[in-house]
Each structure stands twice: as C-alpha cells, then as structure tokens.
Enquirer: 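To start, I am sharing the structure in question, which I have written as structure tokens.
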Amino acid sequence: MNPARPTRRQFLTGILATAAVGLLPMPAAHAADAPHLTEDDATAKSLGYVASAAKAAKDPAYKKGSSCAGCALYQAAQEKGGYAPCAAFPGKAVSKSGWCRAFAAKPA
Ligand code: SF4
C-alpha cells in the first residue's frame with residue numbers, strides 16, 4: 001500500500017465530513033453578513049436566479065406566484081433586510097422576492 005495514498009475508508013470519511021459541514025446551518029451573525037447573490041454569479045446564471053421573480057415569467061420552469069419567500073430552501077429565520085441564506089447558494093443571501101429553477105415549494 002502506498003502511504004501517501006488515502007485508503008478507501010479515509011477517502012469516504014473525508015467526503016462525508018465535507019458533506020456534513022456543508023449541511024450545517026450558518027451561524028446567525030455570519031448569515032446576516034453574507035453577500036447578496038447577484039444575477040451575474042456563475043451559479044446564479046446556471047440556475048436562472050433573478051432577484052425579482054417577475055423577471056422569471058418567461059422561464060419555462062417558473063410557476064406564477066412562486067418566489068424565494070415560498071421556497072423550502074430559503075432560510076427565513078435568518079432573514080435580514082429581505083435577504084436570507086439559501087441552501088442552493090452557500091455563503092450568499094438571496095432576495096425573498098427572487099426565484100431560481102431550484103425552487104421547491106414549502107410543504108403546505
Ligand atoms: Fe430562491 Fe429557492 Fe432558488 Fe434559493 S432555491 S434562490 S430560495 S427559489
């Protein structure tokens with residue numbers, strides 16, 4: 001066995017640890033200070049994020065009336081000034097009036 005090469009167990013443990021850290025909620029102070037996601041962001045573009053859901057009307061995936069405020073990924077408990085973290089965009093805050101193709105309606 002090559003000592004510089006991780007074992008499969010070490011590799012999988014590293015992957016799981018990294019994934020677990022990604023699932024942790026952001027500390028409140030950190031979330032409030034998160035920069036706002038812009039429509040120019042590469043990931044935002046790939047998911048068709050718009051800061052105002054009205055601009056998404058032409059997107060085939062858009063359903064009238066949907067916005068970040070009604071999305072299960074919007075962390076409303078950490079909202080500040082109309083923006084809150086979103087699980088789809090780690091480290092950024094999205095507009096509660098926004099929308100993207102990852103929209104998932106909150107359970108009724
Ligand atoms: Fe908004 Fe939901 Fe898309 Fe996040 S995943 S940007 S909360 S619609």
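We count ligands from 1, going down the list as the structure has it; atoms in each ligand are counted the same way.
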Enquirer: Please set out all donor-acceptor pairs under 3.5 angstrom arising from side-chain atoms of residues 101-108, sequence neighbours excluded.
Expert:
unit_1, atom_1, unit_2, atom_2, d
R101, NE, D59, OD2, 2.8
R101, NH1, S46, O, 3.2
R101, NH2, D59, OD2, 3.2
K106, NZ, A69, O, 3.0

Enquirer: Return the NZ to NE2 distance between K92 and H36, rounded to the nearest 0.5 Å.
Expert: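 Those atoms lie 11.5 Å apart.
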
Enquirer: According to side-chain hydrogen bond (donor to acceptor under 3.5 Å, both in side chains), who are the partners of S66, at least two apart in sequence or on a separate chain?
Expert: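 Testing S66 for side-chain hydrogen bond (donor to acceptor under 3.5 Å, both in side chains), a comparison that skips the adjacent residues, returns W99.
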
Enquirer: Looking only at heavy atoms, which two atoms of Y62 and A57 are closest? And how far apart?
Expert: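 Smallest interatomic distance, heavy atoms only, reads CD2-CA, 3.8 Å.
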
Enquirer: Restricting to distances shorter than 2.8 Å, give the number of protein N, O or S atoms close to atom 4 (Fe) of ligand 1.
Expert: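 There are 1 of them.
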
Enquirer: Please, which pairs that meet salt bridge (Lys or Arg N to Asp or Glu O under 4.0 Å) have at least one residue in residues 61-73, sequence neighbours excluded?
Expert: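 Matches after skipping sequence neighbours: none remain.
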
Enquirer: Indicate yes or no: at least one non-hydrogen side-chain atom of Y49 is less than 4.5 angstrom from one of S95.
Expert: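 Counting from C-beta outward, Y49 and S95 do come under 4.5 Å.
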
